[in-house]
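Everything on this sheet refers to the single structure shown next.
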Amino acid sequence: MERDDTKLQFDEKGNLRHLLSLKGLDATLLTELLDDAEGYLTAPGALPIRSQSLAGRTIGNLFFEPSTRTRASFELAGRRLGADVLNLDVNTSSRKKGESILDTIYTLEAMQVDVMVIRDASNGVPAYIARHVDDHVSVLNAGESDVSHPTQGLLDLLTIRQHNPDFKNLAVAIVGDIQHSRVAMSASEALQTMGVGELRMISPPALAPDADRFPGARIIDNLAEGLKDADVVMALRIQRERIGNLDGVPGIDEYFANYGVSHASMKFAKPNAIIMHPGPMNRGIEIEGSLADGPRSVITKQVTNGVAVRMAVLTRIGKIMSGL
Ligand code: CP
């Protein structure tokens with residue numbers, strides 16, 4: 001059965017209460033969130049300004065999978081808005097003694113945590129929590145299995161818009177392990193809503209997705225064809241933690257030669273094409289290190305934009321909480 005988180009995300013007045021997926025967020029709402037995020041950036045690439053719009057609120061970071069960027073940026077975003085931020089260390093929490101995820105959530109609710117930021121390896125966990133929390137609590141999906149990573153999708157959309165806001169005339173190429181990538185899913189949802197000109201998903205056959213997961217995208221197994229005249233090139237790592245059987249997945253050298261985003265392969269893209277990567281990167285496998293550090297790379301900009309986007313989402317959720 002197809003999951004429908006879209007209705008669950010909105011309150012009875014149609015305001016965004018939980019962010020579980022970018023599916024169901026229309027172009028107007030996506031644009032407003034990007035505009036709000038842009039407003040938090042004092043200058044291109046600069047760190048977001050501070051405000052007190054979430055003073056008195058508490059954000060709980062519950063990451064049941066590893067993270068550097070998403071967890072740190074939710075923490076910085078919350079602090080920059082004046083909120084208290086609680087980082088639950090899952091490895092030393094009572095989850096290790098068998099406590100259920102809902103009992104963990106109810107415990108934090110009793111401590112008046114207002115926003116639960118959830119990362120989990122299983123499909124459906126953020127929505128499951130959203131269905132069970134009190135009315136005062138919002139749930140933000142910070143990465144769910146291979147299904148959804150909505151704030152990553154927003155920061156990717158913002159980074160692309162900063163390069164060229166004319167989505168309808170852009171060719172975006174996403175290269176790598178598309179089959180297991182929640183980043184590709186959320187980027188695809190956001191870009192399709194914004195009417196992107198062309199979306200290409202490039203991967204070796206063993207890592208290709210089912211076409212019905214990416215409606216409107218071209219699924220391609222040849223890198224030169226996929227990168228041809230692309231405006232945006234996003235490299236993805238191989239999600240080894242989600243792959244049970246590596247049969248058919250090329251070894252490192254073969255992978256880099258055939259699917260690596262490199263100085264050599266970028267010759268197929270437009271000369272001014274930007275290079276993106278959500279991180280964490282595996283240099284020399286899906287991306288050439290000197291390219292990631294070079295002038296066409298916007299990878300660190302993506303990270304900075306991540307703080308601004310999460311501030312924008314938290315502010316919007318906070319306004320609903322305050323009845324504004
Ligand atoms: N892009 C991303 O989700 O990175 P982290 O796993 O470090 O949060």
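As the structure lists them, so they are numbered: ligands from 1, and atoms in each ligand from 1.
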*With a distance cut-off below 6.0 Å to the six-membered ring centre and an angular limit of 45° from the axis, does R310 pair with F74 as a cation-pi contact?*
yes

*Would you give the length of the straight line joining atom CG of D221 to atom OH of Y259, rounded to the nearest 0.5 angstrom?*
5.0 Å

*asked:* Working to the nearest 0.5 angstrom, can you tell me the gap between M201 CE and R213 CZ?
replied: 10.0 Å

Does this structure show an ion pair linking [X] with [Y], if we count only N-O contacts that are shorter than 4.0 Å?
X	Y	answer
K96	D89	no
E75	R71	no
R57	D114	yes

*Using distance alone, determine whether P280 and ligand 1 share an N or O pair under 3.5 Å.*
no

*Assess E65 for proximity to ligand 1: is some non-hydrogen atom of it under 4.0 Å away?*
no

*What do you reckon, does G143 put a non-hydrogen atom under 4.0 Å from ligand 1?*
no

For ligand 1, which atoms sit closer than 4.0 Å to a heavy atom of [X]?
X	answer
H149	2 (C), 3 (O)
T70	2 (C), 3 (O), 4 (O), 5 (P), 8 (O)
T68	5 (P), 7 (O), 8 (O)
G279	1 (N), 2 (C), 4 (O)

_Taking the side chain as everything from C-beta on, heavy atoms only, tell me whether I101 gets closer than 4.5 Å to R95._
yes

*ligand 1 versus H277: contacting region, heavy-atom distance under 4.0 Å*: neither

*List the closest protein heavy-atom neighbour of atom 4 (O) of ligand 1: residue, atom name, distance to the nearest 0.1 Å.*
R69 NE, 3.1 Å

_Suppose we measure from atom 6 (O) of ligand 1 to each protein heavy atom; which comes out shortest, and what is that distance?_
R119 NH1, 2.9 Å

